[in-house]
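Everything quoted here is computed from the prediction, not taken from an experiment. Ligands are counted one by one from 1 in listed order, and the atoms in each one are counted from 1 as well.
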Amino acid sequence: MDDPVHRLSGRTLLTAIFGDPVAHSLSPAMHNAAYAALAMDRAYVAFHVTPTGLREALRAIPALGIAGVNLTVPHKERAVRMMAQLTDEALLLRAVNCVINRNGELHGDNTDARGLEADLRAQHVSIAGELAVIIGAGGAASAAVLAALRLDAARIVICNRTIARANRLARSFARYLATRGGGRSRQTIEARGLDTLVNVTTMSAATIVINATPMGLKTGGFASLSYAATPSECVFYDMIYAREPTPFLAPPLALGRRAIDGAGMLINQGVLAFELFNGVAPPAGVMRAALMSALGRE
Ligand code: NAP
C-alpha cells in the first residue's frame, strides 16, 4: 500500500484523533489507507491530548484548519460542552466522537451507535422483539442502547457496576422513547447491577449480550457471567477488539456460541467519520483491510 507520509505536500489537510492514551489507536491506519486509495492530499494523525489540554486542543482545530477530529477515551463526554453545534444523536448520547470543522465552527456528532447498528446488520444479527443485555453505562453503552432500540429490541437490560449510572441512562432513554413514541412505545429499558449477569432467568432470555465497558481490556478477567444459561443462539458482542479473543468472548466461544468483537463497529464508525470529515464516502473495504492487517488478522 502507498505510504501516506510520502504524499504530504504544502497543501496537505489534516484530520486527527485526540485521546489519552492514543498511541494504540488503529484509526490512523484505516483513514490513511483510504486517503491513499483515493489519492487525496490528506493525512490522519494521532494527538496525545490529556483532559487538561482538551479545550486548548479543540480550539486549535479551526486555528490549524484541521478538517475533522475523532475523540476517544476520556474526551467524548466532556467535549459535549465545548461544541458550537451538536447533532441530535450526540445530544441524546451525551457524547461526541466526531468533531467537524465547518468554516471554523466546531460541530459535534456521534457515529458509535450507527457504527454498531451497521455492524450488527452486516453480521445478520437479529434482535427484533428480543432481550438485549448491555453491560456498562458510559458513552459506549449509551450507543449500544440506541442501536438496540433501532434494531427493535423489545427489552433492554442495562447492567452496570454503579447502578445509579445505569438508572440515569435508563431514565434518559425512557424520556427519549416517550417523546419518540408519544408515550406508546412497547420497548422497555431496565437498570440493574452486574449481579444480573449471573441471574439465570434474565440470561436464559438474552438474544444478545453486549460488553460496553473496558473490562478485560488490559489485565484482569471479566465479571462473573452465566454463559451456560444463555440460549445456544445468543450472540456475544464485545466493543473491545484484539488479536486474540477477549476475556469476555473466550468463554462463549468455548461453548460454541457466536462471539463478535468490536473491530466491525470500529470500521463502520470510521467509515461514517471519514465521510463527515471529507465529504466523500471512503472505500470501506480498504479501511477494513487496513484494520485487519494492523490487528494481524488477514
Ligand atoms: P466509559 O464512559 O469510561 O464507561 C466505562 C463503563 O465501564 C462504565 O459503565 C463503568 O462502570 C464500566 N467499567 C469500567 N471499568 C470497570 C470495571 N473494572 N468493572 C466493571 N465495570 C467497569 O467508557 P466508554 O467510552 O463507554 O467505552 C467503553 C469501552 O467501549 C471502551 O473499552 C472503549 O474502547 C470501547 N469502545 C469501542 C468502540 C468501537 O468502535 N469498537 C467504540 C466506543 C467504545 P461505572 O459506571 O461503575 O464506573
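- Side-chain contact of Asn97 with Thr111: a donor-acceptor pair under 3.5 Å is present, judged by distance alone.
- In terms of heavy-atom proximity, Ser126 sits nearest to Thr207 at O-CG2, 3.7 Å.
- Counting atoms of ligand 1 from 1 in the listed order, those under 4.0 Å from a heavy atom of Thr162 are 45 (P), 46 (O), 47 (O).
- Of the N and O atoms on the side chains of His75 and Asp20, not one donor lies less than 3.5 Å from an acceptor on the other residue.
- Donor-acceptor pairing under 3.5 Å is lacking for the side chains of Arg114 and Asn268.
- For atom 23 (O) of ligand 1, the protein comes within 4.0 Å by no heavy atom at all.
- At a 4.0 Å heavy-atom cut-off, ligand 1 touches Met215 through the side chain alone.
- Of all protein heavy atoms, the one closest to atom 11 (O) of ligand 1 is Asn160 OD1, 3.2 Å.
- Below 4.0 Å from some heavy atom of Glu77 lie the following atoms of ligand 1, by number and element: 2 (O).
- Shown in contact with Gly138 at under 4.0 Å from a heavy atom are these atoms of ligand 1, numbered in order with element: 2 (O), 4 (O), 9 (O), 26 (O).
- Only side-chain heavy atoms of Asp112 come within less than 4.0 Å of ligand 1; its backbone N, CA, C and O stay farther off.
- Remark: ligand 1 and Ala137 share an N or O pair separated by less than 3.5 Å (distance only, no angle test).
- Nearest-heavy-atom check against atom 42 (C) of ligand 1 across Met265, Gln269, Arg168 picks out Met265.
- Annotation: atom 8 (C) of ligand 1 to nearest protein heavy atom, Arg165 NH1, 3.4 Å.
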Tyr35 vs Asp41, side-chain hydrogen bond (donor to acceptor under 3.5 Å, both in side chains): CA-CA, chis, key distance, verdict: CA-CA 7 Å; Tyr35 288 140; Asp41 193 2; over 6 Å; no
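- Looking at ligand 1, you'll find an N or O of Arg161 within less than 3.5 Å of one of its N or O atoms.
- The hydrophobic cluster containing Met239 also contains Val235, counting ILVMFWY residues as joined when their side-chain heavy atoms lie under 4.5 angstrom apart, directly or transitively.
- Atoms of ligand 1 found under 4.0 Å from any heavy atom of Gly136, numbered from 1 in the order shown, are 9 (O).
- The ligand atoms of ligand 1 that sit less than 4.0 angstrom from a heavy atom of Gly262 are 41 (N).
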Check the pair Arg297 / Asp261 against salt bridge (Lys or Arg N to Asp or Glu O under 4.0 Å), numbers first and verdict last. CA-CA 13 Å; Arg297 279 214 211 150; Asp261 80 3; 2.3 Å; yes
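- Aromatic ring pairs are classed by plane angle as parallel below 30°, tilted from 30° to 60° and perpendicular above 60°; the pair Tyr44 and His31 is parallel.
- Here is the list of ligand 1 atoms found below 4.0 Å of a heavy atom in Ala212: 28 (C).
- Salt-bridge check for Arg171 with Glu190: failed, with every basic side-chain N at 4.0 Å or more from each acidic carboxylate O.
- Shortest contact from atom 26 (O) of ligand 1 to any protein heavy atom: Ala140 N, 2.8 Å.
- Within a 4.0 Å radius of atom 45 (P) of ligand 1, the protein contributes one or more non-hydrogen atoms.
- Atom 36 (N) of ligand 1 has its closest protein heavy atom at Met239 CB, 4.0 Å.
- The protein atom (non-hydrogen) at minimum distance from atom 43 (C) of ligand 1 is Lys76 NZ, 3.3 Å.
- By the 4.0 Å N-to-carboxylate-O rule, Arg59 lies close enough to Glu56 to be salt-bridged with it.
- In this comparison of Val73, Asp238, Thr246, Thr213, the heavy atom closest to atom 29 (C) of ligand 1 sits on Thr213.
- For the residue pair Thr230 and Arg257, a side-chain donor N or O sits within less than 3.5 Å of a side-chain acceptor on the partner.
- Checked by atom type and distance alone, the side chain of Ser9 pairs as donor or acceptor with a backbone atom of Arg11 at under 3.5 Å.
- For atom 33 (C) of ligand 1, the protein comes within 4.0 Å by no heavy atom at all.
- A search for salt bridge (Lys or Arg N to Asp or Glu O under 4.0 Å) contacts involving Asp238 returns nothing, not counting sequence neighbours.
- Distances from atom 6 (C) of ligand 1 to the heavy atoms of Ala141, Pro214, Gly193, Gly216 put Pro214 nearest.
- At least one heavy atom of Gly139 sits closer than 4.0 Å to an atom of ligand 1.
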